[in-house]
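Read the structure below first, then the notes.
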Amino acid sequence: MNPSLTSSSSLSSSSSSSPSWFSGIVRGGRSSSLKMSSNSAVAVAVAADTAGPVIRKNQFRGVLFKYGPNPIQVAFKTGEFKRYLEPLAIALDLENWSLVQFLMSSSYSGYGTSSLQQDAKELDQLINYLINKEDSEGVALLGHSTGCQDIVNYMRTNYACSRAVRAAIFQAPVSDREYQATLPHTASMIDLAAKMISEGRGLELMPREADPSAPITAYRYHSLCSYNGDDDMFSSDLSDDQLRMRLGHMSNTHCQVIFSMADEYVPDYVDKKALVERLCRAMGGAEKVEIEYGNHSLSNRVEEAVNAIIDFLKREGPKGWDDPWN
């Protein structure tokens, strides 16, 4: 999954073949061989923008700003609110949420040369900007695919700005490792990655056949594709104790898990209903949303997914959320 977090709404593609309703929110796509695309969204809210965020189809009114020192660290915010989130800009606008879509070093083809740790650092820089420059009252994170791993990792870091995260929404939290295991070249590539890491060459690039869509380091490949790698958080063969070790800290945050029951990147042998139930339990009782016939990007179930997210926000926030800075 190419790690890129976002919090904006427009129609972008999170799959190489079909458009994603997550548009800006879920930026990034899947290659034909690797399920490596990530994104998460951040949002904060307050009063409504009378003009609205949408000018016409695929054209949004908002502000482009720079939130960190690296050239790629830019974000786009729709709406003039004091909270930021991420489903469709139109639906969020009606609930007085701003939407922020942002680029990270790992966005697009950069995922293979980055890490969850780098993503967490840049996400913290963004939230810091929103708090100090935009007077944000807090944020809600929406992660798609690898973006789900980014949220889990970020909330484990205890960075100061993680206290401003009011809620987390996981859309398509699926296992790269289990999907990769269905491909013929994966086993030999994992062995090669492990060998390179043991030789101190973890930051060197793997052969092109490891991922034809983007350059990828031995560390990142091993993290995504090997058992117990840093990115191995949602695999169905992990025990309940292992899932709790990876996800248990999310019990301190309002969480929603949206699982596509026809996700093309989940192997057929995986019991999807059992898996999503176990993931929610490991997070301390996260809200479960099963989207029947939904594909990985939910491009075929846009309205159902947006309604689930908006309903979650209405019930879980911002009302009742304490000011994280008091």
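- Taking the charged nitrogens against the carboxylate oxygens, Asp263 and Lys272 have no contact shorter than 4.0 Å, which rules out a salt bridge.
- The two atoms that bring Met233 and Leu243 nearest to each other are O-CD2, 3.5 Å, heavy atoms only.
- Comment: Glu199 engages Lys195 in a salt bridge, judged by a side-chain N to carboxylate O separation of less than 4.0 angstrom.
- One distance of note links CD of Glu122 with OG of Ser107; it measures 8.0 Å at 0.5 Å rounding.
- There is no side-chain donor-acceptor pair under 3.5 Å between His296 and Glu264.
- Checked by atom type, the side-chain pair Asn128/Asp124 shows no donor-acceptor distance below 3.5 Å.
- Ion pairing between Arg315 and Asp311 holds under the 4.0 Å rule for side-chain N and carboxylate O.
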side-chain contact (heavy atoms from CB on, under 4.5 Å) between Ser236 and Glu178: does it pass, once the steps are laid out? CA-CA 8 Å; Ser236 64; Glu178 289 188 315; 2.5 Å; yes
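- In summary, of the residues considered (Val152, Leu279, Leu238), a side chain to side chain contact (heavy atoms under 4.5 Å, CB included) with Arg246 occurs for Leu238 alone.
- Residue His249 holds its NE2 atom at 14.5 Å from CZ of Arg244, rounded to the nearest 0.5 Å.
- Here Asp231 does not pair with Arg177 in a salt bridge; the nearest charged N to carboxylate O distance is not below 4.0 Å.
- Taken from CG in Asp119 to CG in Asn153, the straight-line distance is 8.0 Å, to the nearest 0.5 Å.
- Here Glu292 pairs with nothing under the side-chain hydrogen bond (donor to acceptor under 3.5 Å, both in side chains) rule; sequence neighbours left out.
- Judged by distance alone, with hydrogens and angles left aside, the side-chain atoms of Gln256 form a donor-acceptor pair with the main-chain N or O of Ala308 at under 3.5 Å.
- Using a 3.5 Å distance cut-off with no hydrogens or angles, the side chains of Asp237 and Tyr227 do not pair a donor with an acceptor.
- Comment: Lys288 engages Glu290 in a salt bridge, judged by a side-chain N to carboxylate O separation of less than 4.0 angstrom.
- Between the side chains of Ser299 and Asn295, at least one donor N or O lies within less than 3.5 Å of an accepting N or O.
- Residue Ile127 holds its CD1 atom at 13.5 Å from CD of Glu134, rounded to the nearest 0.5 Å.
- Atoms CG and OG, on Asp232 and Ser226 in that order, are 7.0 Å from each other to the nearest 0.5 Å.
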